Enquirer: 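One structure, pasted below without further comment.
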Protein chains: 2
Amino acid sequence: MNPRNPKKRSVPPKERDNSRRPTIYDVSRCSGFSTATVSRVFANYPGVSRSTRDRVLEVSRDLGFSPSHIGRCLAHGSTGNVAVMFPDMASGFYAEVLAGIDEVLAEHGFNTLTAFYGRGRDAKSVFTRLNSGFLADALIIASSYDIGDVSQWSGSCDTPMVLLDRPLAKAGISTVCIDNASGVAAMVRHLHTNGHRRIAVISGPEGTWDAEQRMASYRVAMQEIKLEVNPLLIWAGNFTFESGRHAMRTALAGRLPVDAVFCFNDEMALGAIAAINEAGLKVPDDIAVAGFDGISAAEGVQLTTVACPMRTVGRSAGTMAVSLIKGTERPRDQVIPVRLVIRSSSGKRAAHWTKAM
Amino acid sequence: MNPRNPKKRSVPPKERDNSRRPTIYDVSRCSGFSTATVSRVFANYPGVSRSTRDRVLEVSRDLGFSPSHIGRCLAHGSTGNVAVMFPDMASGFYAEVLAGIDEVLAEHGFNTLTAFYGRGRDAKSVFTRLNSGFLADALIIASSYDIGDVSQWSGSCDTPMVLLDRPLAKAGISTVCIDNASGVAAMVRHLHTNGHRRIAVISGPEGTWDAEQRMASYRVAMQEIKLEVNPLLIWAGNFTFESGRHAMRTALAGRLPVDAVFCFNDEMALGAIAAINEAGLKVPDDIAVAGFDGISAAEGVQLTTVACPMRTVGRSAGTMAVSLIKGTERPRDQVIPVRLVIRSSSGKRAAHWTKAM
DNA sequence: CTGAAAGCGCTAACAT
DNA sequence: ATGTTAGCGCTTTCAG
């Protein structure tokens, strides 16, 4: 016999071997129907007789057969999964976004491929890996870190992309972002309403979209209520607890009079509160504090904050990815609304103080 | 010409079409080498001459070719990815584990497929989807929720599995868990050393491994230091902030004398602290509080806790999955050590009190 | 309603 | 060192 078997296979290539995953050929042989029919059954095609369908399913069950995703993909020319790129930071924040994405993708029959960048893993190479190997039908990128101009990375054979947190106009790239401007404006107005005038800021890291947008919005909002922005009351942070504590300590040491501190995320606000307590001062009596994000720990310390519905963000991104894949039309960029959550940390200035203004 | 083209293809089946991803055939044709050679180049096989390799890479670059993951998988008979199942809860906790897993998997060239269960998505069906479609070469399951007996789910054609948080002896299933017993023992001893005697507990939800193990360890630890376990001082929680607050409020209303409250996770501890503060009492002067997990917010309120290195847990699980796939030997179950982190929330009893004992 | 067989992109024997 | 070609498991015309 010729070592290379010239026989075309309409029959299974090998006999059924229990260690192997059963294939559509096994089902074909055991049921007596062709592989085409078996395929039709599992693809839920209409034109299969009831009895045939039942028989095929029965045999499949006995054999333990279920169609191979890989085989299907190859035949279809699509992968059936969507890749998601996140910065490697352990915030429940991103976990929630991811869950939202996965929720939608699962509803549409897609799998979620997750990859982290940062911590020594270069965003661009992660992107390249995900984008070039035909690994996914679409790519969702959380880019709140500054990872450079994503639109420059894409090569010729591009996967549709959804960007989180950063708008970017380019064909095939859709974006979903948080409504930073409204959130900041609402918070500044709230602090003002509560009698605070000297509203300091602990900002986020330079180069990150959210931080920069929040800062810009802060300036606008302050101007709108005719408050002056004092550059001495803008302290640098990097979105970590420690940076918030550090900034607040330094600020307190400087002894500049401050009514309220608006931290550009909750983690830093927690840090700021810690520093204030350590200094023997009280929130909100001595200094009011506000945050941004709405993480669960914020509730614990009664932190006034801007709640971002991260699950909604995730769902929105997932939905976009799906419609980008289905390709009916380019989905419109989305801006997810946020909500001001007022708790005691932003408490009113003492009445006499307010009146004195 | 016959509608079905009978020609075998050693040449590309279609001519190069710019809208298509370039395939190995395109590279073959344009470079003049066979697909086998191109394949060898990309698989980094030794037996390819320098000049050939360079030419192939050059052409590939020009064409924008990179090997299709799907094609490779089908030929190899493996998927190149590992699936991870998590409960759908937005804790930074699991995000950290996931990042650790992905870190290791990426190092070994695997992709991470993520899927959540809970919130209306049944754990078993998620499992079935992941396990039956030949989607992944291994499966990592975080099972801290009670999701039933995983070992019963597996069918005949099983993917190797790694279980997080729950030991389970079965061939092909490895586990990695937190050292709950040591953590709880260390904490109880610490509280005892600090002069606390009436050590209450806010427990986790029944049916979850961690909660039950911590409870059992608590009893053992109390016995070892000759303290009696008072059933009236064991309050039910479910690992959420709110449940911690609620339990603590109820407890305070009951006016039973308590020195310290050991909450079985940090979220509940934060809730308990909130309740204590609301009642006008002070931590640790009136009641000491301790937690478990080591989430970042714990630092903010100076919470004494048991730090679980979630990244290590993730890395360990990833490593296990890889060795299960490589199949050299069944990796040994791992118990990840934890560390007692002492902060001010567990502060010493006032001196006179201690002496009075 | 069902069957035959040609791919999908790549790998790995086997050949030279 | 390089080429040839039979699969990997499934889908999908095209024929009947």
Side-chain angles (χ1 to χ4, degrees), chain A residues 1-14 20-29 31-53 55-56 60 65-80 133-135 157, chain B residues 1-14 20-29 31-53 55-56 60 65-80 133-135 157:
Chain A
M1 183 175 168
N2 190 318
R4 286 185 236 129
N5 182 351
K7 181 176 36 153
K8 289 274 158 284
R9 33 157 228 201
S10 324
V11 293
K14 307 165 191 156
R20 233 180 66 238
R21 278 180 61 88
T23 77
I24 203 171
Y25 286 97
D26 298 316
V27 178
S28 166
R29 181 162 42 76
S31 67
F33 292 101
S34 71
T35 63
T37 298
V38 177
S39 174
R40 286 182 190 112
V41 168
F42 280 93
N44 263 317
Y45 268 50
V48 182
S49 78
R50 181 62 199 243
S51 64
T52 304
R53 150 173 260 97
R55 176 70 188 137
V56 165
S60 300
F65 168 82
S66 63
S68 151
H69 184 244
I70 300 272
R72 284 191 144 161
C73 288
L74 192 52
H76 267 133
S78 67
T79 67
F134 191 38
L135 272 171
C157 52
Chain B
M1 184 177 166
N2 188 316
R4 288 186 235 129
N5 182 350
K7 182 174 41 152
K8 288 276 159 282
R9 33 155 228 200
S10 325
V11 292
K14 306 166 191 155
R20 233 179 67 240
R21 277 180 62 87
T23 76
I24 204 171
Y25 287 96
D26 298 315
V27 178
S28 165
R29 182 162 41 76
S31 67
F33 293 101
S34 72
T35 62
T37 298
V38 176
S39 175
R40 285 180 190 116
V41 168
F42 281 93
N44 264 317
Y45 267 50
V48 182
S49 80
R50 181 61 198 245
S51 63
T52 303
R53 152 174 259 97
R55 177 68 189 138
V56 165
S60 300
F65 167 82
S66 62
S68 151
H69 185 244
I70 300 270
R72 285 190 144 163
C73 288
L74 192 51
H76 267 134
S78 67
T79 67
F134 190 38
L135 272 172
C157 53

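Below, chain A is the first sequence line, B the second, and so on; all start at residue 1. Just so we're clear, the structure is a prediction, and the values are computed from it rather than from any experiment.
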Enquirer: Using the side-chain heavy atoms of B:Pro67, tell me which of these nucleotides is nearest: D:dC10, C:dC10, D:dT2.
Expert: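 So the side chain of B:Pro67 is nearest to C:dC10.
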Enquirer: C:dG9 C1' sits how many Å from A:His76 NE2, rounded?
Expert: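 It works out to 16 Å between those atoms.
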Enquirer: Do the non-hydrogen side-chain atoms of B:Arg72 and A:Ile70 ever get within less than 4.5 Å of each other?
Expert: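 They are not in contact (no side-chain heavy atoms under 4.5 Å apart), so the answer is no.
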Enquirer: For the side chain of B:Ser68, starting at C-beta, report the closest nucleotide among C:dT11, C:dG9, D:dT2.
Expert: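 Nearest to the side chain of B:Ser68 among the choices is C:dG9.
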Enquirer: Measure OH/A:Tyr25 against P/C:dA4 and give the value in whole Å, please.
Expert: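 Computing the A:Tyr25:OH to C:dA4:P distance gives 12 Å.
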Enquirer: Locate the shortest heavy-atom distance separating A:Cys73 from A:Gly80; write the atom from each residue and the value.
Expert: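 Heavy atoms only, the tightest pair is SG-N, 4.5 Å.
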Enquirer: Quick one: does any side-chain atom of A:Ser28 pair with a main-chain N or O of A:Ile24 as donor and acceptor, under 3.5 Å?
Expert: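 Checking the backbone N and O of A:Ile24 against the side chain of A:Ser28, no donor-acceptor pair under 3.5 Å is found.
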Enquirer: What verdict does the side-chain contact (heavy atoms from CB on, under 4.5 Å) test give for B:Arg40 and B:Phe33, after you've listed the backbone C-alpha separation in whole Å, the side-chain angles of each residue and the deciding distance to 0.1 Å?
Expert: CA-CA 11 Å; B:Arg40 285 180 190 116; B:Phe33 293 101; over 6 Å; no
Enquirer: For the side chain of A:Phe33, starting at C-beta, report the closest nucleotide among D:dG3, C:dT2, C:dC10.
Expert: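 Shortest atom-to-atom distance from the side chain points to C:dT2.
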Enquirer: D:dT11 C1' sits how many Å from A:Ile70 CD1, rounded?
Expert: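 Taking CD1 of A:Ile70 and C1' of D:dT11, I get 15 Å after rounding.
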Enquirer: Can you tell me how far P of D:dC10 sits from CZ of A:Arg40, to the nearest Å?
Expert: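 So the two atoms are 15 Å apart, to the nearest Å.
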Enquirer: Please report the distance, rounded to the nearest Å, between CG in B:Leu74 and P in C:dC8.
Expert: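 Interatomic distance, CG of B:Leu74 to P of C:dC8: 13 Å.
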Enquirer: Once you round it to whole Å, what is the distance between P of D:dC10 and CZ of A:Arg29?
Expert: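 Rounded to whole Å, this separation is 14 Å.
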Enquirer: For the helix from C:dC1-D:dG16 to C:dT16-D:dA1, what is the angle between the axes at its two ends, each from 5 pairs, rounded to 10°?
Expert: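 Between the axes fitted at each end of the helix from C:dC1-D:dG16 to C:dT16-D:dA1 lies an angle of 30°.
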Enquirer: Classify A:Gly32 by what it touches in the nucleic acid, base, sugar-phosphate, or nothing, heavy-atom distance under 4.0 Å.
Expert: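 If one applies the 4.0 Å heavy-atom cut-off, A:Gly32 turns out to touch the sugar-phosphate alone, with no base involved.
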Enquirer: Test your reading of the model: is there a side-chain donor-acceptor pair from B:Arg21 to the backbone of B:Ser66, 3.5 Å cut-off?
Expert: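 Flag set: sc B:Arg21 to bb B:Ser66 pair under 3.5 Å.
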Enquirer: For B:Gly77, answer base if it contacts any base atom (sugar-phosphate contacts may also be present), sugar-phosphate if it contacts only those atoms, and nothing otherwise; contact means non-hydrogen atoms under 4.0 Å.
Expert: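 No contact at all - B:Gly77 keeps every heavy atom at 4.0 Å or more from the nucleic acid.
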Enquirer: Find the distance B:Arg72:CZ to D:dG9:C1' and express it as a whole number of Å.
Expert: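 Distance check: B:Arg72 CZ to D:dG9 C1' gives 19 Å.
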Enquirer: Between C1' on C:dC1 and CZ on A:Arg53, what's the gap in Å once rounded to a whole number?
Expert: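 Spelled out: CZ on A:Arg53 to C1' on C:dC1 is 12 Å.
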Enquirer: Which is true for A:Ser49 with a 4.0 Å heavy-atom rule: it touches a base, it touches only sugar-phosphate, or it touches nothing?
Expert: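 Sugar-phosphate, backbone atoms only, no base.
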